[in-house]
Amino acid sequence: QVQLEESGGGLVQAGGSLRLSCAASGRTGSSYAMGWFRQAPGKEREFVGYISWSGGNTYYADSVKGRFTISRDYAKNTVYLQMNSLKFEDTAVYYCASELRFSRVVDSSSWTYWGQGTQVTVSS
């Protein structure tokens, strides 16, 4: 079992920045790929980005490419989502996920473990 806990959400003005953290515990996720998803009210959960177990590969949704960056700190068993140039449409609950069961990283069903989510609200 892996437990994931997100933090760092909050209210920010459009154009601002936030950094989300996802701390892993239990059977730690240092050897697993990690993903970020988000879900806005009334919408399905959507893929934001992914980082490989080695940290050498990242992949982002087109909607956040160039603005968001995922990194990981193995010593802290933590993955980060740096969000810059935030837009109103980035408002959502952000979730981290761990352990890919299937290769299609953009599908939420491919991931085994999930955090409880952290709210990000961008004011226009």
Side-chain angles (χ1 to χ4, degrees):
Q1 284 278 1
V2 174
Q3 292 79 45
L4 303 174
E5 184 173 2
E6 303 94 337
S7 61
L11 174 64
V12 63
Q13 288 188 330
S17 298
L18 278 177
R19 188 178 79 159
L20 305 184
S21 300
C22 173
S25 61
R27 193 183 70 191
T28 58
S30 62
S31 62
Y32 299 117
M34 299 289 289
W36 285 96
F37 286 74
R38 66 186 181 185
Q39 188 166 18
K43 295 187 177 181
E44 293 188 354
R45 191 168 298 189
E46 67 170 353
F47 172 77
V48 173
Y50 138 92
I51 187 166
S52 64
W53 68 270
S54 69
N57 292 314
T58 54
Y59 178 69
Y60 301 94
D62 287 344
S63 58
V64 306
K65 198 174 297 182
R67 300 187 298 122
F68 290 11
T69 303
I70 299 175
S71 61
R72 62 192 307 167
D73 184 329
Y74 293 98
K76 296 182 179 180
N77 290 323
T78 300
V79 172
Y80 302 99
L81 178 65
Q82 178 67 44
M83 305 186 294
N84 299 326
S85 302
L86 283 161
K87 305 176 181 179
F88 175 75
E89 50 265 40
D90 293 319
T91 296
V93 177
Y94 283 71
Y95 300 89
C96 64
S98 177
E99 192 173 332
L100 272 174
R101 293 180 295 181
F102 309 112
S103 60
R104 189 167 168 78
V105 301
V106 300
D107 288 343
S108 60
S109 61
S110 294
W111 299 85
T112 306
Y113 300 107
W114 293 85
Q116 83 289 347
T118 185
Q119 176 71 47
V120 172
T121 303
V122 184
S123 61
S124 58

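Numbering starts at 1 and runs along the sequence shown. These values consider heavy atoms only, across backbone and side chains, with no hydrogens, waters or symmetry-generated copies.
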Residue pair S98, M34: steps toward the side-chain contact (heavy atoms from CB on, under 4.5 Å) verdict = CA-CA 5 Å; S98 177; M34 299 289 289; 3.5 Å; yes
Under the side-chain contact (heavy atoms from CB on, under 4.5 Å) rule, what do Q116 and L4 come out as? Steps first, then yes or no, please.
-> CA-CA 8 Å; Q116 83 289 347; L4 303 174; over 6 Å; no
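Applying the 6.0 Å contact sphere to CD of E5 captures no more than 12 heavy atoms from other residues, nucleotides or ligands. The neighbour count for R104 CZ, taken as heavy atoms of other residues, nucleotides or ligands under 6.0 Å away, does not exceed 12. Other residues, nucleotides and ligands contribute at most 12 non-hydrogen atoms within 6.0 Å of the NZ atom of K76.
Side-chain N/O atoms of D73 and T78 include no donor and acceptor closer than 3.5 Å. Side-chain contact, R38 with Y94: a donor N or O sits under 3.5 Å from an acceptor N or O.
At least one donor-acceptor pair closer than 3.5 Å links the side chain of S52 to the backbone N or O of N57. Looking only at distances, a side-chain donor or acceptor of E6 sits under 3.5 Å from a matching main-chain atom of C96. Of the possible polar contacts, one joining the T118 side chain to the G9 backbone as a donor-acceptor pair under 3.5 Å is found.
Of all heavy-atom pairs spanning S17 and S85, the tightest one is OG-N, 4.3 Å. The two residues A92 and A40 come nearest to each other via the heavy atoms CB-N, 3.8 Å.
Note: E99 CD to S110 OG = 12.0 Å, rounded to the nearest 0.5 Å. Considering OG1 of T112 and CD of Q1, their distance stands at 10.0 Å, rounded to 0.5 Å.
Across V48, T58, N84, a single residue satisfies side-chain contact (heavy atoms from CB on, under 4.5 Å) together with F68, and that is V48.
In terms of the ring pair (Phe, Tyr, Trp, His ring centres under 6.0 Å) criterion, residue partners of F47 (sequence neighbours excluded) are, by chain and number, F37, Y59. Under the rule for a ring pair (Phe, Tyr, Trp, His ring centres under 6.0 Å), F88 has no partner lying at least two apart in sequence or in another chain.
By the 4.5 Å heavy-atom criterion applied to side chains, L18 and Q82 are not counted as neighbours. A 4.5 Å side-chain heavy-atom check between V120 and D90 finds every atom pair outside the cut-off. Inter-residue side-chain proximity for Y32 and L100 is flagged as unmet; no heavy-atom pair is nearer than 4.5 Å. T69 has its side chain out of reach of M83: every pair of non-hydrogen atoms, C-beta onward, lies at least 4.5 Å apart. When side chains are defined from C-beta on, L81 does not count as touching R19, because their heavy atoms never get closer than 4.5 Å.
Y95 and I70 are assigned to two separate hydrophobic clusters, defined by single-linkage of ILVMFWY side chains at heavy-atom distances under 4.5 Å. Hydrophobic clustering (ILVMFWY, side-chain heavy atoms < 4.5 Å, transitive): Y80 and Y60 are in distinct clusters. Under the 4.5 Å side-chain contact rule for hydrophobic residues, I51 and W111 do not share a cluster. There is a path of hydrophobic side-chain contacts, each under 4.5 Å, that joins W36 to L86. Using a 4.5 Å cut-off between side-chain heavy atoms of Ile, Leu, Val, Met, Phe, Trp and Tyr, with links allowed through other members, V105 and V2 fall into different hydrophobic clusters.
Relative to the ring axis of W114, R45 places its NZ or CZ within 45° and under 6.0 Å from the centre.
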